[in-house]
Amino acid sequence: KAILAADHGEIEFQGKLNVGKDGSLITSNAVVYSDDAEVTIKDSTINMYLADNSNGFYALNSSDPTNKNPQNSQSQIKIEKDANVKLNGNGVGITAGNGGHIDLSGATIEATGLKSALASIADVENTSYINAKNATITYDGDSYAIYSRQKDAQINLDHATINLKGNSY
């Protein structure tokens with residue numbers, strides 16, 4: 001993990017983050033990880049190369065993972081609109097897991113070759129939430145650009161722009 005926040009910790013990142021490279025993918029990892037904590041990505045350039053079992057951004061265990069209105073909770077990972085995020089490889093770009101909340105409203109995300117650009121997953125007792133309002137998501141891959149599993153795994157795509165390339169759907 002390049003950036004890890006846990007147990008109510010707070011991290012603010014601004015700068016360049018290059019993880020992996022073409023032909024040398026990051027395996028079995030989440031590059032930016034939040035477990036009941038806060039990570040803010042400000043005016044940054046981020047390039048990640050992810051293997052099949054990796055995530056670029058992963059949030060779980062908000063202060064109330066069973067909250068039925070997670071959009072009203074504090075985000076655990078916030079990608080601000082001035083960040084330039086490029087996700088490559090065959091992992092998953094941005095994942096909100098059990099109780100996770102990620103805010104990328106207004107951000108621009110480019111995902112190439114991944115299983116999914118965004119995924120919101122939760123078990124039957126928890127919620128997860130990704131706010132992609134006004135975001136621009138470009139996905140060039142062979143799968144779903146946006147994926148949600150379970151009724152309480154939500155993704156807000158209000159006024160978002162989704163550009164599909166290749167064999168994506």
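No experiment lies behind these values; they were computed from the predicted model shown. Just so it is clear, the values below take in all heavy atoms, side chains as well, and ignore hydrogens, waters and symmetry mates.
- A distance of 6.5 Å separates CD of Gln76 from CG of Asp36, quoted to the nearest 0.5 Å.
- When all heavy atoms are compared, the tightest approach of Ala117 to Ile137 is CB-CG2, 4.0 Å.
- Note that CG of Asn131 is 5.0 Å distant from OG of Ser105, once rounded to the nearest 0.5 Å.
- Looking at Ile79 and Ile94, their side chains come closer than 4.5 Å, going by heavy atoms from C-beta outward.
- Residues forming a side chain to side chain contact (heavy atoms under 4.5 Å, CB included) with Ala5 (at least two apart in sequence, or on another chain): Ile11, Ala37, Val39.
- Rounding to the nearest 0.5 angstrom, the gap separating the CG atom in Asn90 from the OH atom in Tyr49 is 13.5 Å.
- When side chains are defined from C-beta on, Phe57 does not count as touching Leu104, because their heavy atoms never get closer than 4.5 Å.
- Applying the ring-ring contact (aromatic ring centres under 6.0 Å, His included) rule to pairs touching residues 148-169 yields Tyr144-Tyr169, sequence neighbours excluded.
- Taken from CG in Asn55 to OG1 in Thr95, the straight-line distance is 3.5 Å, to the nearest 0.5 Å.
- Among residues two or more places apart in sequence or in another chain, the side chain to side chain contact (heavy atoms under 4.5 Å, CB included) test is passed with Ser168 by Tyr139, Leu164.
- Both Ile109 and Leu50 are part of a single hydrophobic cluster, where members link through side-chain heavy atoms under 4.5 Å apart.
- Ser120 meets the side chain to side chain donor-acceptor pair (under 3.5 Å) test with Ser128; sequence neighbours excluded.
- Annotation for Ile102 and Ala59: closest pair CG1-CB, 3.7 Å, computed over non-hydrogen atoms.
- Residue pairs that meet the salt bridge (charged side-chain N to carboxylate O under 4.0 Å, His left out) test with at least one member in residues 153-169, sequence neighbours left out, do not exist here.
- Within the structure, every pair that satisfies the salt bridge (charged side-chain N to carboxylate O under 4.0 Å, His left out) test and touches residues 52-62, not counting sequence neighbours, is listed here: Asp52-Lys115.
- Applying the salt bridge (charged side-chain N to carboxylate O under 4.0 Å, His left out) test to residues at least two apart or on different chains, the pairs with a partner in residues 74-90 are Lys42-Glu80, Lys78-Asp103.
- A donor-acceptor contact shorter than 3.5 Å links the side chain of Asn88 to the backbone of Met48.
- Across Ile146 and Leu157, no two heavy atoms sit closer than the pair CG2-CD1, 4.2 Å.
- Asn167 contributes atom CG, which lies 10.5 Å from atom OG of Ser143 (distance to the nearest 0.5 angstrom).
- What you find for Ile162 and Ala145 is that their closest heavy atoms are CG2-CB, 4.4 Å.
- Shown here are the side chain to side chain donor-acceptor pair (under 3.5 Å) partners of Asn134, two or more places apart in sequence or in another chain: there are none.
- Linking Ile, Leu, Val, Met, Phe, Trp and Tyr residues whenever their side-chain heavy atoms come within less than 4.5 Å places Ile41 and Leu114 in a single cluster.
- Minimum interatomic distance between Ala96 and Ile130 (heavy atoms only, all atoms of both residues): CB-CG1, 3.7 Å.
- Of the inter-residue distances, the one linking Ile46 atom CD1 with Ile3 atom CD1 reads 6.5 Å to the nearest 0.5 angstrom.
- For Asn163, the side chain to side chain donor-acceptor pair (under 3.5 Å) criterion is met by Thr138, not counting sequence neighbours.
- Residue Ile77 comes nearest to Tyr58 through the heavy atom pair CD1-O, 3.5 Å, listed as atom of the first residue, atom of the second, then distance.
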Donor-acceptor pairs under 3.5 Å, side chain of residues 15-33 to any protein atom, not counting sequence neighbours: which ones?
from: Asn18; atom 1: OD1; to: Asn47; atom 2: ND2; distance (Å): 3.0
from: Ser28; atom 1: OG; to: Asn53; atom 2: ND2; distance (Å): 2.8
from: Asn29; atom 1: OD1; to: Lys1; atom 2: N; distance (Å): 3.3

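- Considering only residues two or more places apart in sequence or on other chains, Tyr147 meets the ring-ring contact (aromatic ring centres under 6.0 Å, His included) condition with none of them.
- Sequence neighbours left out, not one pair with a member in residues 3-12 passes salt bridge (charged side-chain N to carboxylate O under 4.0 Å, His left out).
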